[in-house]
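Inspection log for the structure reproduced underneath, given as structure tokens.
Bear in mind the structure is a predicted one, so any value in this text is a computation, not a measurement.
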Amino acid sequence: MADLLIDNGEIVAVGTGLEAPAEAETIDATGLIALPGLVDLHTHLREPGREDAETVLTGTRSAALGGFTAVFAMANTDPVADTAGVVEQVWRLGREAGYADVYPIGAVTVGRQGTQLAELGAMADSAARVRVFSDDGDCVWDAALMRRALEYVKAFGGTIAQHAQEPRLTKGAQMNEGALSGVLGLTGWPSVAEESIIARDILLNAHVGSKLHICHLSTKGSVEIVRAAKRRGLEVTAEVTPHHLLLTEDLAASYNPVYKVNPPLRTKADVEAVREGLADGTIDIVATDHAPHPVEDKDCEWSAAAFGMTGLETALSVVQHTMIDSKLLTWADLADRMSYRPAAIGQITEHGQPLEVGAPANLVLVDPAAERTVVPTETASLSRNTPFAGMKLPGKVTATFLRGEPTVLGGKLTK
């Protein structure tokens, strides 16, 4: 049990029996858990270009309801975030919205086409101060180009976040490759398509001496490759999504496109492996890969449907269910995997700080005993493509504070 006193955007006192000034607003947080504001290193906000699916405003509202005070916005917008102008636009939209700080991720290549390096230095020097670059949604499959990207960002300490998908092994792929894909008649997506790129890029990065981050790792083999690299002391970090911690390929048997995602849902053995990898630190962080889509892009036959799932408002509950309630992680570990480490990888200091005197007052209050049923129409996102619809999940965010200002109180947005 502890009291927190917040003033002028920062934590000014921590202890028991603190006396607040008479004019202070008090919140009874008995039975709640205070965590540093969550940080998502992998969010799709869709703006500019696909405001029918999400905007910076609606996406950050969703983030606040999920306990996030900072999100990193992926570059697959329209136009692509491959110039200083576009990343600054996204950064400013986040500041104007005021629900969560938005840190743009710049594209590695022009137009995410995989043929020419984008303006990495200009984006790094922009007002957005970009330090993470990714062609997410597409793999930087050309080894020579990937090497040049790693070499380029090394000059300013940047990170290349790779979408590990060998395109020649996944042409037309629809779901995890295995017996079930054969039965369902859906083109298989082999694990080796992910694992081969991860292994290659780890070797490239070892040669260059830069920083490599693996997006949405999903297979047992990928965990083993990253674990071996870390044992060698190589500079590599990795993330896993909440849906890959919980859901399996069996859901594809329904042919419901809400379960179509990139990388695909894998086997039970893969799920067990990524949970173990997250628990032992092989996988550094949880990142949502929040990928909103309008109804028409999901309410269609499987083969025509878009890849992706929403996840900002359910991430904390899924991690509690899969990792904390199963005793694989503690709440302190969750703060590490969902706040401290993603902030460190993204090189931001305003977030991901322990709740101690002098720290920015970015925090979330969670009721671990609460239980809720996921209802897609009750989310703040413009899109409804959650794979957890109708599922009972533990935990509820009751309050979120951004620089001491509440964005969520009583589980509801404050504005």
Side-chain angles (χ1 to χ4, degrees), residues 37-107 112 118 123 126-137 161 215 287-295 297 306 308-315 342-343 346-348 350-352 362 364 376 378-386 397 400-403 405-408 412-415:
L38 306 184
V39 178
D40 187 16
L41 199 67
H42 192 146
T43 303
H44 297 271
L45 295 179
R46 303 303 189 202
E47 189 177 9
R50 287 305 307 268
E51 289 84 356
D52 56 332
E54 196 76 283
T55 66
V56 172
L57 176 61
T58 60
T60 52
R61 282 176 171 169
S62 189
L65 286 167
F68 292 91
T69 56
V71 297
F72 284 74
M74 279 296 175
N76 57 342
T77 50
D78 184 13
V80 172
D82 58 3
T83 66
V86 178
V87 296
E88 286 184 351
Q89 176 188 1
V90 174
W91 176 73
R92 289 195 173 95
L93 285 169
R95 288 286 174 172
E96 291 168 4
Y99 287 92
D101 287 342
V102 176
Y103 298 91
I105 288 179
R112 297 173 45 251
M123 288 187 280
S126 72
R129 303 294 296 171
V130 177
R131 287 297 180 270
V132 182
F133 302 86
S134 180
D135 277 359
D136 184 61
C215 295
T288 70
D289 194 7
H290 175 79
H293 291 290
V295 172
D297 286 358
M309 302 168 168
T310 59
L312 283 169
E313 293 179 49
T314 50
Q347 299 183 50
I348 57 174
E350 300 88 349
H351 299 269
N362 300 314
V364 56
E378 294 179 356
T379 65
S381 172
L382 287 181
S383 297
R384 304 290 180 249
N385 53 304
T386 171
V397 170
T400 305
F401 294 85
L402 178 63
R403 285 181 288 279
E405 292 297 322
T407 55
V408 173
K412 305 292 184 181
L413 293 167
T414 57
K415 56 181 177 177

Closest contact, heavy atoms only, [X] versus [Y]:
X	Y	answer
Glu313	Glu378	OE1-O, 4.5 Å
Ala100	Ala70	CB-N, 4.2 Å
Gly352	Val39	N-CG2, 4.3 Å
Ser62	His290	OG-CE1, 4.4 Å
Glu47	Thr55	OE1-CB, 3.4 Å
Pro342	Leu41	O-CD1, 3.8 Å

For [X], run the side-chain contact (heavy atoms from CB on, under 4.5 Å) check against [options] and tell me which one passes.
X	options	value
Thr43	Thr60, Val71, Asp289	Val71
Met123	Thr83, Ile105, Val86, Val130	Val130
Leu93	Val56, Leu57, Val102	Val56

_Salt-bridge criterion met for Glu88 and Arg92 (N-O under 4.0 Å)_ =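 A salt bridge is present here (some side-chain N lies under 4.0 Å from a carboxylate O).
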
*Can we say Asp101 and Arg403 salt-bridge, meaning some charged N sits less than 4.0 Å from an Asp/Glu carboxylate O?*
yes

Do [X] and [Y] make a side-chain contact, defined as non-hydrogen atoms from C-beta onward lying under 4.5 Å apart?
X	Y	result
Cys215	Met74	yes
Ile348	Arg131	no
Trp91	Arg129	no
Pro48	Val90	yes
Phe68	Leu312	yes
Thr400	Thr69	yes

*Could you verify whether a donor N or O on one side chain and an acceptor N or O on the other, from Thr77 and Arg46, lie under 3.5 Å apart?*
no

_With no hydrogens and no angle check, just 3.5 Å: does a side-chain donor-acceptor pair link Thr310 and Asn385?_
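There is no such pair between these side chains.
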
*What do the steps show when you test Ser383 against Glu54 for side-chain hydrogen bond (donor to acceptor under 3.5 Å, both in side chains), and what is the final call?*
CA-CA 7 Å; Ser383 297; Glu54 196 76 283; 5.6 Å; no

*Excluding sequence neighbours, so at least two apart, what forms side chain to side chain donor-acceptor pair (under 3.5 Å) with Asp82?*
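Here no residue qualifies.
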
*Could you tell me which residues satisfy side chain to side chain donor-acceptor pair (under 3.5 Å) with Arg50, sequence neighbours excluded, listed by chain and number?*
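Asp52, Asp297.
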
Quick check for you: to the nearest 0.5 Å, what is the distance between [X] atom [atom1] and [Y] atom [atom2]?
X	Y	atom1	atom2	result
His293	Leu382	NE2	CG	13.5 Å
Asn362	His351	CG	NE2	4.5 Å
Asp40	Thr288	CG	OG1	3.5 Å

_Is it true that, when you exclude Lys415 itself, more than 12 heavy atoms of the residues, nucleotides or ligands shown sit nearer than 6.0 Å to its NZ?_
yes

_Please evaluate residues His42 and Asp136 with respect to the criterion side-chain contact (heavy atoms from CB on, under 4.5 Å), reporting the C-alpha separation (whole Å), side-chain torsions for both, the decisive distance (0.1 Å), and the verdict._
CA-CA 9 Å; His42 192 146; Asp136 184 61; 2.9 Å; yes

*Has the side chain of Ser126 got a donor or acceptor atom that lies under 3.5 Å from a matching backbone atom of Ala84?*
no

